[in-house]
Chemist: 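Sharing a structure below in structure tokens format, with a few things to ask.
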Protein chains: 2
Amino acid sequence: MPQASPVRKRYAARLPTEQRREQLLQAAQTIALERGFHAVSVDGVAKACGVTRPVVYGLFDDRSALLAGLLDRAEHRAMAELAVLFPSVPGPDDDVDPDELLVAGIRGYLTAVAGDPDTWRVILVPPEGAPPEMAERVNGQRRVLLRHLRGLLDWGLARRGGPGLDPDLFARAVFTLAEGAARLLLEDPDRWQVEPFIDFCRTTLQALQPVRA
Amino acid sequence: MPQASPVRKRYAARLPTEQRREQLLQAAQTIALERGFHAVSVDGVAKACGVTRPVVYGLFDDRSALLAGLLDRAEHRAMAELAVLFPSVPGPDDDVDPDELLVAGIRGYLTAVAGDPDTWRVILVPPEGAPPEMAERVNGQRRVLLRHLRGLLDWGLARRGGPGLDPDLFARAVFTLAEGAARLLLEDPDRWQVEPFIDFCRTTLQALQPVRA
DNA sequence: CTCCTTTGCTACACAGGTGTAGCAACACAG
DNA sequence: CTGTGTTGCTACACCTGTGTAGCAAAGGAG
């Protein structure tokens, strides 16, 4: 039986700005992952935090700033993980096995994904509902990574040789497969593990030797 | 200067049911491809056809029926193209080169995609805005295709041998790469052509010989 | 030329979301 | 225990989209 007189809502616990901000972003992310980016509304996020809309508008200019914050957060986290794990291109005289270097890089990537699935879901699931400008930003980061991978592969091919594959397509193929593996890890973490992908990767690389004359 | 008296809207050209239906679906598809599935509104589709909402509701129960119609249409077209082009698994005694069979299949797929890009965009761009049930249907078709591909590869590996790759991961890798190539074709048809992918594919298959003891 | 069916239009009620103005409660310094 | 600033709340105006009821125009059958 509803109250006749309008009862004032019990005040939510007061939080310092930064903490509230983080809480809101976390809630937004949860909604985005459960029901898609287009389902992230200022109202919904506020409710999820037991708070009202003006609180959100106090910390974000508008809905799209909220979404931007969400993407930023995921991007920074993801990039921070990658920066540590991804191998840089060795010099021409370094004594490193190219195949093992690549394998290690891919293992690092997949391990990072498996270790912080929600962050990576934001990156790897194309956020259709988000403003197009953000999809563009994610693609920009993809290009950066792709270029780095390309450098690594070029170095490796120069070092050890390989079949006469178009190097651009080769880099893209490796990239696509790595992202595909990452998506499988995210989709069903119980079924998929990192190591089988690594084995697959190593075996394939072994097969890709220079053509025998 | 706006009319003071409410002018009746000029009647749109009257169309027979089926034709109007097709027109509406086409308009819905265009909107979905330009601005995402979530941006497909009954109102928007009606306007795009120079018509009012009740006309749409006459042909589709509600918004989600409209979306379902759009997906159905793309799915049927895509499957019809594939049914013709995709090779069936040969018997154990057929005299076919496995590599060339696979290459021909992939070429058929990519050619179909390049030849009817809008239809395939609907399939290959995960429609986040669409009801989840539809994403599920597209994934179902993916599974069917994946299973077929798996059959083809198993037959090929039995016939010609290959490196000791996990056959499930191998099938998924081929599938992922083929879809990746298709997405590139859709993304920038001027830059990407079918044949370079085919060359890449053939070269890679040649490298994937049985391990030499 | 008149019916009458088919196709389309106007108008409404409603739902859910955005963004803002102004007030109320809390919590901490003094 | 009393300011006083910060954090949060209520209430409103507005917009866009949904779905429906009932009327108006078109155009072919007779």
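A, B, ... follow the sequence lines: proteins, then strands. Residue 1 opens every chain. Scope of the values below: all heavy atoms of this structure, side chains included, with no hydrogens, waters or symmetry mates. Keep in mind it's a predicted model, so treat the numbers as computed, not measured.
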Chemist: For residues 195-204 of chain B, which residue pairs pass the side-chain hydrogen bond (donor to acceptor under 3.5 Å, both in side chains) check, not counting sequence neighbours?
Modeler: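 Passing the test, one end in residues 195-204 of chain B: B/E100-B/R202, B/R107-B/E195.
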Chemist: Counting only heavy atoms and a strict 4.0 angstrom limit, can you tell me which residues of residues 17-24 of chain B come near DNA chain C?
Modeler: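 Residues of residues 17-24 of chain B that come under 4.0 Å of DNA chain C are, in numerical order, B/T17, B/R20.
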Chemist: Please enumerate all residues that pass ring-ring contact (aromatic ring centres under 6.0 Å, His included) together with A/Y109, with sequence neighbours excluded.
Modeler: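 With neighbours one apart ignored, the set is A/W120.
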Chemist: Provide, to the nearest angstrom, the distance between the CG atom belonging to A/L59 and the P atom belonging to D/dT6.
Modeler: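 Going from CG in A/L59 over to P in D/dT6 covers 14 Å.
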Chemist: For the atom pair CD (B/Q29) and CZ (B/F37), what is the distance rounded to the nearest 0.5 Å?
Modeler: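 That separation rounds to 8.0 Å.
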Chemist: B/K9 side chain: which of D/dT10, D/dT18, C/dT10 is closest?
Modeler: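 It is C/dT10.
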Chemist: Of B/P16 and B/P54, whose nearest nucleotide on DNA chain C comes first from the 5' end?
Modeler: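 This one resolves to B/P16.
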Chemist: Whole-Å distance between D/dG17 C1' and B/R63 CZ?
Modeler: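 Computing the B/R63:CZ to D/dG17:C1' distance gives 9 Å.
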Chemist: Using whole Å, report how far NE2 of A/H38 lies from P of C/dG17.
Modeler: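 Checked: the NE2 to P distance equals 11 Å.
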Chemist: Could you tell me if A/Q26 and A/R73 have a donor-acceptor pair between their side chains, going purely by distance under 3.5 Å?
Modeler: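 Note: A/R73 and A/Q26 side chains meet the donor-acceptor criterion.
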Chemist: Output the rounded distance in Å from CZ (A/R53) to P (D/dC14).
Modeler: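 Atom-to-atom, A/R53 to D/dC14, this comes out as 15 Å.
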Chemist: Between OG of B/S64 and CG of B/L70, what distance do you get to the nearest 0.5 Å?
Modeler: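 If I round to the nearest 0.5 Å, the distance is 12.0 Å.
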Chemist: In whole angstrom, give the distance that lies between atom OH of A/Y57 and atom P of C/dG19.
Modeler: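 A/Y57 atom OH is separated from C/dG19 atom P by 4 Å.
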Chemist: Angle between the end axes of the helix from C/dC1-D/dG30 to C/dG30-D/dC1, five pairs per end, to the nearest 10 degrees?
Modeler: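 Helix axis angle between the two ends: 0°.
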Chemist: Can you tell me the distance, in whole Å, between the CZ atom of A/R35 and the P atom of C/dG16?
Modeler: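 Interatomic distance, CZ of A/R35 to P of C/dG16: 12 Å.
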Chemist: C/dA11, D/dC9, C/dG8: which one has an atom nearest the side-chain heavy atoms of B/L15?
Modeler: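 Of C/dA11, D/dC9, C/dG8, C/dG8 is nearest to the side chain of B/L15.
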Chemist: Nearest of C/dG8, D/dT18, D/dC9 to any side-chain atom of A/V55?
Modeler: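 Nearest to the side chain of A/V55 among the choices is D/dC9.
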Chemist: Partners of A/T119 by side-chain contact (heavy atoms from CB on, under 4.5 Å), sequence neighbours excluded?
Modeler: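 By the side-chain contact (heavy atoms from CB on, under 4.5 Å) rule, A/T119 matches A/A74, A/R77, A/A78, A/D116.
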Chemist: Got a sec: does the CG of A/D61 have more than 12 other heavy atoms crowding it under 6.0 Å?
Modeler: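 It does not: A/D61 CG has 12 such atoms or fewer within range.
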Chemist: If a protein heavy atom is under 4.0 Å from the base, mark B; if only from the sugar-phosphate, S; if neither, -; do that for nucleotides 25-30 of chain D going 5' to 3'.
Modeler: BB----
Chemist: Determine which pairs satisfy side-chain hydrogen bond (donor to acceptor under 3.5 Å, both in side chains) with at least one residue from residues 134-149 of chain A, sequence neighbours left out, and list them in order.
Modeler: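 Residue pairs passing side-chain hydrogen bond (donor to acceptor under 3.5 Å, both in side chains), neighbours aside: A/D72-A/R137, A/E75-A/R137, A/E75-A/Q141, A/E136-A/R143, A/N139-A/R142, A/R142-A/E179.
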Chemist: Give, for atom CG of A/D43 and atom OG1 of A/T52, the distance between the pair rounded to the nearest 0.5 Å.
Modeler: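 Rounded to the nearest 0.5 Å, the CG-OG1 separation comes out at 9.5 Å.
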Chemist: Roughly how far apart are A/E187 CD and A/L124 CG, rounded to 0.5 Å?
Modeler: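 Going from CD on A/E187 over to CG on A/L124, the span is 12.0 Å.
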Chemist: Sequence neighbours excluded, which residues qualify as side-chain contact (heavy atoms from CB on, under 4.5 Å) partners of B/T17?
Modeler: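 Counting only residues at least two positions away or on another chain, B/T17 forms a side-chain contact (heavy atoms from CB on, under 4.5 Å) with B/L59.
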Chemist: Could I get the full list of side-chain contact (heavy atoms from CB on, under 4.5 Å) partners for A/A12, not counting sequence neighbours?
Modeler: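 side-chain contact (heavy atoms from CB on, under 4.5 Å) list for A/A12, sorted by chain: A/R20, A/V51.
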Chemist: Near DNA chain C, under 4.0 Å by heavy atom, which residues of residues 41-50 of chain A?
Modeler: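 DNA chain C contact set from residues 41-50 of chain A: A/S41, A/V42, A/D43.
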Chemist: What residues, two or more places apart in sequence or in another chain, satisfy ring-ring contact (aromatic ring centres under 6.0 Å, His included) together with B/W192?
Modeler: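 By the ring-ring contact (aromatic ring centres under 6.0 Å, His included) rule, B/W192 matches B/F197.
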Chemist: Please name all residues satisfying side-chain contact (heavy atoms from CB on, under 4.5 Å) with A/L146, sequence neighbours left out, ordered by chain then number.
Modeler: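 So A/L146 forms a side-chain contact (heavy atoms from CB on, under 4.5 Å) with A/A171, A/R172, A/F175.
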